[in-house]
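Comments concern the structure below.
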Amino acid sequence: MYQYDDFDQALVERRSQQFRAQVARRVAGTLSEEEFKPLRLMNGLYLQLHAYMLRVAVPYGVLSSNQLDQLAFIADKYDRGYGHFTTRQNIQFNWPQLVDTPDILDALAEVQMHAIQTSGNCIRNITTDPFAGVAADEAVDPRPLCELLRQWSTNMPEFSFLPRKFKFALTGALKDRAAIKLHDIGMQLKRGLDGEVLADIWVGGGQGRTPRIAQLLKENVQVEDLLPYLDAIMRVYNLYGNRDNKYKARIKILVASLGLDVFAEKVEREFAGTDRTRFAGIADELHRIETRMTKPDYQRPATESQGAFAAEIENDPAFAQWVQSNVFAHQQAGYKIAVVSLKPEGGIPGDASSDQMRLVAKLARELSEGEIRVTHRQNLVLPHVPVERLYVLWTELLATGLAESNINQPSDIIACPGLDYCALAKARSIPVAQELSSQLRQTERRENLDGLSINISGCINACGHHHVASIGVLGLEKNGVETYQITLGGRNDMNASVGKVLGPGFSAAEVPETMNQLVDTWVQHRQSKESFSDTFDRVGKSVFAEAVYASS
Amino acid sequence: MSEFQIMAGNELLSGSVVYLGPDGRWTREYESAFALISDNDYQKAEQQGRQAVLNNELIDPYLVKVAGDAISLPVHIRERIRYTGPTCKSFPQESERQS
């Protein structure tokens, strides 16, 4: 994990002091709400349906045990004893009070955390593969570059007033676990023939009301050119992006309206004219970041550990089930990556109580080099677990409702907070997710439903990523009544695709049975190990529509 | 069925939803919200809302339609949820922080 130096620490402390003064001025009335709103948004503070909401940055999803303990402390002292992990690898608190937010930011700064740029028309949290640095299929660890981009984009004056929010995602693995093609800029890192790090840059992806899959802008960008090139993209966006209509202001709209070739030409011209002295020393800076990233202290695996592990699998079917769904291959012999599901049966996706946070922090300290990751699917990861300690881990998770064996299963639902919390939402998403989760867990025990994803958004802003799920659920409102539109066939990996609308919407009460019919239709028509979206593409929408609408 | 409006907003310091009461004060108790039935009532309430914003008590006050027989509830689902709170509880032991 990256360790702050004096400069980094001073930056977050100064930011906290600055915000404290801004809050004091707001409370005293010397700042109006109109003046204060952009300032509080740049510090992650929203006003939602019932209360303020604070979005805390978890840079590229990496947390230490100390940081997770501090988040638990904040949840208890300043909130209602829980937090919500988001689809951008951040954490949100739903009930802070304005007057407490300066103290919350101070508490975050104590553990090298902040809420800077988690909202506003600026570059948001850089996200990446939750298995970064440990995945067996990884070519390049993206975390040093993520940290470089984080530092480059923080408080960057030129990019603090963009036409709209801006989101980066990086991956360094063959399998894209960061959904890079659904971001404003997505990057795939790879190795060149001489082992050098290269980046393919994708641009213009995004969800929301006009979902777009990113297009390949440039291949094989060398590390020394990366920041100047990204800077050029941002400058073109800043100059040409729409500022008249916030619904048409993302870079995906600009790329679509100019066409990729014209956009690329503008970027190349900007890049060619870049004053490279602005980026002198970037290689040294990247090296500095790498030296400040702690490395796990991997031990030589015990020769008897594999035998003991195999016996535990054989003797405990529930443990075996958890290993099959929640445990993943590691780069280091004798270690595994363990995913802690925050999707208990009937529970709220992504929520964790302060007790659960403290438990995961303790387990990470004891069993995972003190490190945790947040996934964009709203789960947590312990990235460095010795094989012989997996059973101990699972036993402790089981005691606190954190051992659900459902990663990459349909009940591993992504859901935004929806109309229960969000001021932008049109319909509730959480109750739908809770009902579906209970139902689907039963089905998962009977059928192999590996890889079927269900994502739920409470409005067209698509924070629940419904567009790119196997089965997406979009909550809408018609004459004050909630209605749910189903989309099918989405994908969020390197074959990213936007789901197609099935047909007329459903009431909340109808969604569970509709889901049953869709799953049954897939099981009936799939060939071999075909994914839901592959079956959908092969047999067509009409097969699913008939199954659902004919019966009603 | 009776139909009327109430004035709602968010308290600046806490963010809590508050309603304009008959005494001109802002209360978190929905049941104490003042029923506004005429154009004159609406205008006066909007003026009180604007004043509360200027006094740094309130953010974003607006009128909410309410209807019902024995119990009057906000007409729109969004406002009903603002009144009831989230329809899902995160954890059985979810604690309410004392303000």
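So you know, we letter chains A, B, ... as the sequences are listed, proteins then strands, and number each from 1.
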Quiz item: Checking A:Ala423 against chain B: side chain, backbone, both or neither under 4.5 Å from a heavy atom?
Solution: both
Exercise. Would you indicate whether B:Glu31, at its atom CD, is surrounded by more than 12 heavy atoms from other residues, nucleotides or ligands within a distance under 6.0 Å?
Key: yes
Practice problem: Among the options A:Asp355, A:Val23, A:Asn94, A:Leu419, pick out the one with the most heavy-atom pairs lying under 4.5 Å from chain B. | Solution: A:Leu419
Quiz prompt | Residue among B:Val53, B:Asn10, B:Leu13, B:Val75 with most heavy-atom pairs under 4.5 Å to chain A | solution = B:Leu13
Self-check item: Part of A:Leu49 lying under 4.5 Å from any heavy atom of chain B
Solution: both
Self-check item: Whether over 12 other heavy atoms sit under 6.0 Å from A:Tyr247 OH
Solution: no
Quiz prompt | Other residues, nucleotides, ligands: >12 heavy atoms within 6.0 Å of A:Leu398 CG | solution = yes
Quiz item: Taking A:Pro96, A:Gly418, A:Ala51 one by one, which has the highest count of heavy-atom pairs under 4.5 Å against chain B?
Solution: A:Ala51
Exercise. Indicate yes or no: at least one non-hydrogen side-chain atom of B:Ser14 is less than 4.5 angstrom from one of A:Leu98.
Key: no
Quiz item: Is chain A contacted by the side chain of B:Ile59, its backbone, both, or neither, given a heavy-atom distance below 4.5 Å?
Solution: side chain
Quiz item: Could you go step by step and tell me if A:Glu477 and B:His76 meet the side chain to side chain contact (heavy atoms under 4.5 Å, CB included) rule?
Solution: CA-CA 10 Å; A:Glu477 176 247 321; B:His76 199 280; 3.4 Å; yes
Practice problem: Select one option (side chain, backbone, both, neither) describing which atoms of A:Ile430 are under 4.5 Å from chain B's heavy atoms. | Solution: side chain
Quiz prompt | side chain to side chain contact (heavy atoms under 4.5 Å, CB included) evaluation trace for A:His50 with B:Ile81 | solution = CA-CA 9 Å; A:His50 313 288; B:Ile81 293 175; 3.9 Å; yes
Quiz item: Is B:Arg50 atom CZ crowded by more than 12 heavy atoms from other residues, nucleotides or ligands, each under 6.0 Å away?
Solution: yes
Quiz item: Between CZ of B:Arg82 and CG of A:Asp420, what distance do you get to the nearest 0.5 Å?
Solution: 14.0 Å
Practice problem: Considering only heavy atoms and a distance below 4.5 Å, find which of A:Glu482, A:Lys426, A:Met53, A:Glu33 pairs most often with chain B. | Solution: A:Glu33
Quiz item: Who wins among A:Thr101, A:Val99, A:Asn479 for the most heavy-atom pairs under 4.5 Å with chain B?
Solution: A:Val99
Exercise. Before giving the answer on side chain to side chain contact (heavy atoms under 4.5 Å, CB included), spell out for B:Ile77 and A:Val481 the whole-Å C-alpha distance, their side-chain angles and the decisive distance to 0.1 Å.
Key: CA-CA 7 Å; B:Ile77 183 171; A:Val481 177; over 6 Å; no
Quiz item: Where on A:Gln48 is there a heavy atom nearer than 4.5 Å to chain B: the side chain, the backbone, both, or neither?
Solution: backbone
Quiz item: Which is it for A:Gln434 and B:Cys88 under the side chain to side chain contact (heavy atoms under 4.5 Å, CB included) test, yes or no, and what are the steps along the way?
Solution: CA-CA 9 Å; A:Gln434 290 177 298; B:Cys88 50; 3.6 Å; yes
Practice problem: Evaluate the side-chain proximity of A:Val27 to B:Asn56: yes if any heavy-atom separation is below 4.5 Å, no if none is. | Solution: no
